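Notes follow the structure.
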Number of protein chains: 2
Amino acid sequence: MNKSKQPTIKEIAKRLKISTSTVSRALNDHPSIGLVTTMRVKKLADELNYEPNRTAIFFKQRKTFTIGVILPSLSEAFFSAAISEIENFANSKNYTVILGQSLDDPERELRIINTMKGHRVDGIILSSAKNTREFEYIEILRKAGIPIVFFDCVPDLPEINAIVSNLKTGMKEAIDTFVSCGHRNIAFINGPAHLPASKEREEAFTEALVSNKVPLNRDFVVYTDLSEKGNADAILQLINLSQRPSAVVSFNDYVTLDAMNAVRSKGLTVNQDIFFISYANYPIWKYMENPPMASIEQLPGKQGALAAEMLFDLIDRNVDLNTDDPIATEGQKIVLESKLVNQHV
Amino acid sequence: MNKSKQPTIKEIAKRLKISTSTVSRALNDHPSIGLVTTMRVKKLADELNYEPNRTAIFFKQRKTFTIGVILPSLSEAFFSAAISEIENFANSKNYTVILGQSLDDPERELRIINTMKGHRVDGIILSSAKNTREFEYIEILRKAGIPIVFFDCVPDLPEINAIVSNLKTGMKEAIDTFVSCGHRNIAFINGPAHLPASKEREEAFTEALVSNKVPLNRDFVVYTDLSEKGNADAILQLINLSQRPSAVVSFNDYVTLDAMNAVRSKGLTVNQDIFFISYANYPIWKYMENPPMASIEQLPGKQGALAAEMLFDLIDRNVDLNTDDPIATEGQKIVLESKLVNQHV
DNA sequence: CTGTTAGCGCCTTCAT
DNA sequence: ATGAAGGCGCTAACAG
């Protein structure tokens, strides 16, 4: 009976006996509309509780004012810090953020990307799943004209846009600190060898030892697949050496947590028999009785903000050219230095 | 020059020299379209890499196949568990989830709700910010025909849909456990008095003491605003009593973490001088050298799944009636029992 | 300054 | 079994 529903510009136009285009323009503060008309329109819109139908606008403008952010996990402190900043930046541009978590599963990751593409997001920020090896989606998104910015876990490809963290500076500081505390037997629990992040860490580790004139013991470099068991196995390998290390740098804080548990289970004491430093600066450390000696901070918030900024640059450029092959300027990378912080002990 | 772009049904129709309606129907497996035609259409669609323009569909169908989930924080373990299950459920229905974090700020919460409303989400799942006192948005969303399901932090109103956790069962078990371990001086750090969740916990605390014939000491009930300082102050109040408690139930795990730090700073030892049990079962406990004695599990995953299920019921009903005043059946509530788990010590 | 017209891509009566 | 036509709400040439 009553077709109540949401009021439209048509409704406003009818009541005011003017055309819909005038209403539309008035609502958007178009300069060429008379002040009085504009006021009348806005007043009525207010009274009617008018709200533009964004689905119509999205449709018409071929833009959704929405960006997608895909991360391995929403709950890791590193990522939630990044999310917050991305959201802030996006909101300040009146964009909405859609989040997805890949759970480090490449299939899931691809599915999320396709969903977001289906929803016509205007751009994507992605920290790739740890074991994604195929990056066809880059091509897919390129064809669809959806710009993408990587951060944190970045594929080793030339033509991509990314915020990357220089892992070396922090590693250098970590080793320097260990050495200055008298450690000579310094080990390294690295992540999966195929990851660029692992390669870079390992190079940095080797270089830092050299520059400190500490001989590199091959047995002191072990690997984990980042699973709980992998992490425990890695530290056990080190502990079981005839000469075990007194200091360990590990891939990240989650590795360190598992490693510490394993250390304790062997009757050893953290920060006494063995010391840790790892990447990430997990906020929970302040609640631990024996936290790592220090953390290598990677500034997730900053990375997120920069990623967002870069993405919006690309989106705006897209609009300007607003044509085929939009993403001409590919391959920009911004490097952020990691650094040692929180001397917890 | 080349209007490459995405193919549309029009394009397909032109190439096949049939009408767009036929293409549309074929693509949607409409029964009245001949098998051959259907095949031809689908084949060409495939070749052209056709993908329906969802923004057009959203617009046309007045549905976005998107639900909004708003939580105080995405990084709290409790919420990420809930998110995962909500996502799973939604994805199985081909819905997309958009997430928002209120950071316990009522203003921010309201803004997010309005944004989501603007994006025309089909429904919302909400764990309200701790200190939201005004719930006008319920009315706003009702008018907009957007169903809403609460969980975890649920306003104390009759006409809302919600998944609620029965906090009493877990509290009873917690007190029973303390008593059976010989504790008689049992204290309680409660959250803000205005929260339904606080009221329920306190009732449960009192009842459980009574049923265990332990006298209630008024000094043993203190409050925190859930800030780090508030948490520390609360436990210090207890510690500084002439007769201090030997066991403490606290509002949640985050309170306990701060309390434990404060305890240590006073030279006392957790799980020796003082024992804790709290709500939530934070996954980090297994990495702590002195975790709480046990946790009261609230099954966030289950709550999330139930909330999603309830929301989709409401959405489907909305479609069926597909009329004004859609949410006739308001006020269903599902209660989930909390229970004691993880005897960590 | 304002109105007219057209169309975004898709679905859906209503015909045939 | 298929086509023609209209419209969702909004914006944007193109006219005046």
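Each chain gets a letter, A, B and so on, in the order the sequences are listed, and its residues count up from 1. Everything quoted here is computed from the prediction, not taken from an experiment.
If you take CG of D29(A) and C1' of dT2(C), they are 17 Å apart, rounded to a whole angstrom. If you take CG of L16(B) and C1' of dG3(D), they are 14 Å apart, rounded to a whole angstrom. Atom-to-atom, NZ of K63(B) to P of dT12(C) comes out at 13 Å; the value is rounded to the nearest Å. Between I18(B) atom CD1 and dA4(D) atom P the separation is 11 Å, expressed in whole Å.
The side-chain contact (heavy atoms from CB on, under 4.5 Å) check on N91(B) picks up R111(A), E87(B), with sequence neighbours excluded. Taking T132(B) as the reference, P106(B), E109(B), S128(B), A129(B), F135(B), Y137(B) meet the side-chain contact (heavy atoms from CB on, under 4.5 Å) condition, with sequence neighbours excluded.
Heavy-atom neighbours of K10(B) NZ from other residues, nucleotides or ligands within 6.0 Å: at or below the threshold of 12. For E136(B), the CD atom is densely surrounded, since the number of other residues' heavy atoms within 6.0 Å is greater than 12. Residue K333(A) places its NZ atom among more than 12 non-hydrogen atoms of other residues, nucleotides or ligands, all under 6.0 Å distant.
Using modelled atom types, one finds no donor on one side chain facing an acceptor on the other under 3.5 Å when comparing T66(A) with H119(A). Remark: the S21(A) side chain and the S24(A) side chain contain no N/O donor-acceptor pair separated by less than 3.5 Å.
With I124(A) as the fixed residue, the side chain to side chain contact (heavy atoms under 4.5 Å, CB included) test singles out one of V69(A), I146(A), I112(A): I146(A).
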Name every donor-acceptor pair, under 3.5 Å, that has one atom in a side chain of residues 29-37 of chain A and the other anywhere in the protein, sequence neighbours excluded.
residue, atom, partner, partner atom, Å
D29(A), OD1, K42(A), NZ, 2.7
D29(A), OD2, K42(A), NZ, 3.4
H30(A), NE2, S32(A), OG, 3.3

Which nucleotides of nucleotides 8-16 of chain D have their base under 4.0 Å from a protein heavy atom (B), which only their sugar-phosphate (S), and which neither (-), written as one string 5' to 3'?
-> BBBBBB---
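Using a 4.0 Å cut-off on heavy atoms, the residues of residues 30-46 of chain A that approach DNA chain C are S32(A), I33(A), G34(A), T37(A), listed by number.
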Evaluation steps, side-chain hydrogen bond (donor to acceptor under 3.5 Å, both in side chains), between Q101(B) and S84(A) | CA-CA 9 Å; Q101(B) 53 182 343; S84(A) 290; 3.3 Å; yes
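Overall, the helix from dC1(C)-dG16(D) to dT16(C)-dA1(D) carries an axis bend of 40° between its ends, with five pairs at each end and the value rounded to 10°.
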